[in-house]
Protein chains: 2
Amino acid sequence: MRRGAIEFCVLALLSRREHYGFELVQRLSEADGLLTSEGTIYPLLSRLRRDGLVETEWRESTSGPPRKYYRLTSDGARALGHYRGQWEQFRNAVNSLLYEDQEAVSERSTD
Amino acid sequence: MRRGAIEFCVLALLSRREHYGFELVQRLSEADGLLTSEGTIYPLLSRLRRDGLVETEWRESTSGPPRKYYRLTSDGARALGHYRGQWEQFRNAVNSLLYEDQEAVSERSTD
DNA sequence: CAAGGTACCTTGCGTTGCAAGGTAGCTGTC
DNA sequence: GACAGCTACCTTGCAACGCAAGGTACCTTG
């Protein structure tokens, strides 16, 4: 179900501020079980970087190992806008199939 | 993005009335580009039948080759209810990350 | 009977999500 | 200063899904 949406959510989170990978894992899994393990996020972040949607910067932590921070690029912001439109269309399509599409059932009244 | 959701939508359509495969393809692709080809739906329908969520019945058509009609079983109806809850949780999670989550940004005001 | 539409199905590929496992730095305790 | 445990990164291998492409067969129309 979450196929493709995680990428989208990561871009959305990064559009607000920088995050490092582990932080994203925590956000997305606490949030609502959108994510289940680190094995999802790190390859995804690599893809995003490869595609130029994010840039990275190592930075020291005051309590623990260094962190790799991810920041949205302008390409990434553009992609996010694109995804946003797709998400809304997708969401509306599913919602209408689930809830609203009752008019179409009126055909059934001839059963 | 549509990963997993198509199965859900098919169950929703079948909960209203029987459909045959080709009809589902048309509904889902006209509807909103949820589906792009028959190569998606037929394996999916086979899975649903294997898992006992739908039952099938061949029926002659008055204009063309025979059609295989799919009907929801009680297990299918139960699965649909389950999916419905999952969908709402998923949708709300994504929406809140996208739109509402602005309160969380207030942390940033201390930057 | 040939052509084209309807309706079914399978195969093979690429992508994605995930569990599992692996490395390494930092902190605290003894 | 060694050891345990946490934080944080990453890779590998698997399974599921969506899809394009291709294939079969029926039925209608000319």
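Convention: sequence-line order gives letters A, B, ...; per-chain numbering from 1.
Here the P atom of nucleotide D/dC19 and the CD1 atom of B/Ile41 are 10 Å apart, to the nearest Å. Between A/Leu48 atom CG and C/dT15 atom P the separation is 14 Å, expressed in whole Å. Between B/Asp51 atom CG and D/dA16 atom P there is a gap of 11 Å when expressed in whole angstrom units. Atom pair A/Tyr69:OH and D/dT7:C1' shows a separation of 12 Å (rounding to whole Å applied). Note: CD (B/Glu60) to P (C/dC8) measures 13 Å, nearest angstrom. We find that CD of A/Gln26 is positioned 12 Å from C1' of D/dC6, with the value rounded to whole Å. With rounding to whole Å, B/Lys68 atom NZ is found 14 Å from D/dT24 atom C1'.
At a cut-off of 3.5 angstrom, counting only N and O atoms as typed in the model, there is no donor on one side facing an acceptor on the other between the side-chain of B/Glu7 and the base of D/dC17. Remark: the A/Glu38 side chain and the D/dC9 base include a donor-acceptor N/O pair separated by less than 3.5 Å.
Looking at heavy-atom distances under 4.0 Å, B/Arg59 makes no contact with the nucleic acid at all. Note on A/Thr56: nothing from the nucleic acid sits closer than 4.0 angstrom, heavy atoms only. In this structure, B/Ser29 reaches neither bases nor backbone, as no heavy-atom distance under 4.0 Å exists between it and the strands shown. Using a 4.0 Å heavy-atom criterion, one finds that A/Gly39 contacts the bases of the nucleic acid, with or without backbone contacts as well.
Between B/Glu18 and B/Arg59 there is a salt bridge, since a side-chain N of the basic residue sits under 4.0 Å from a carboxylate O of the acidic one.
In this structure, B/Arg47 and B/Leu44 have side chains that are in contact, with non-hydrogen atoms separated by less than 4.5 Å.
Put simply, the side chain of A/Glu30 never gets that close to the backbone of A/Arg27: no donor and acceptor are under 3.5 Å apart.
Taking the six-membered ring where tryptophan is involved, the planes of A/Trp87 and A/Phe8 are tilted, since the angle between them lies from 30° to 60°.
For the pair A/Gly64 and B/Arg67, both in contact range of DNA chain C, the more 5′-proximal nearest nucleotide belongs to B/Arg67.
Residue B/Tyr20 has its side chain nearest to C/dC8 when only C/dC8, D/dC19, D/dT7 are considered. In the set C/dT10, D/dC19, C/dC18, D/dC19 carries the atom at the smallest distance from any side-chain atom of B/Ile6. Distances from the side chain of B/Arg47 to the nucleotides D/dG18, C/dC8, C/dA19 place D/dG18 closest.
The pairing partner recorded for D/dG30 is C/dC1, the criterion being a Watson-Crick or G-U wobble arrangement whose two distances lie under 3.5 angstrom.
A side-chain donor from one of A/Tyr83 and A/Glu7 sits under 3.5 Å from a side-chain acceptor of the other.
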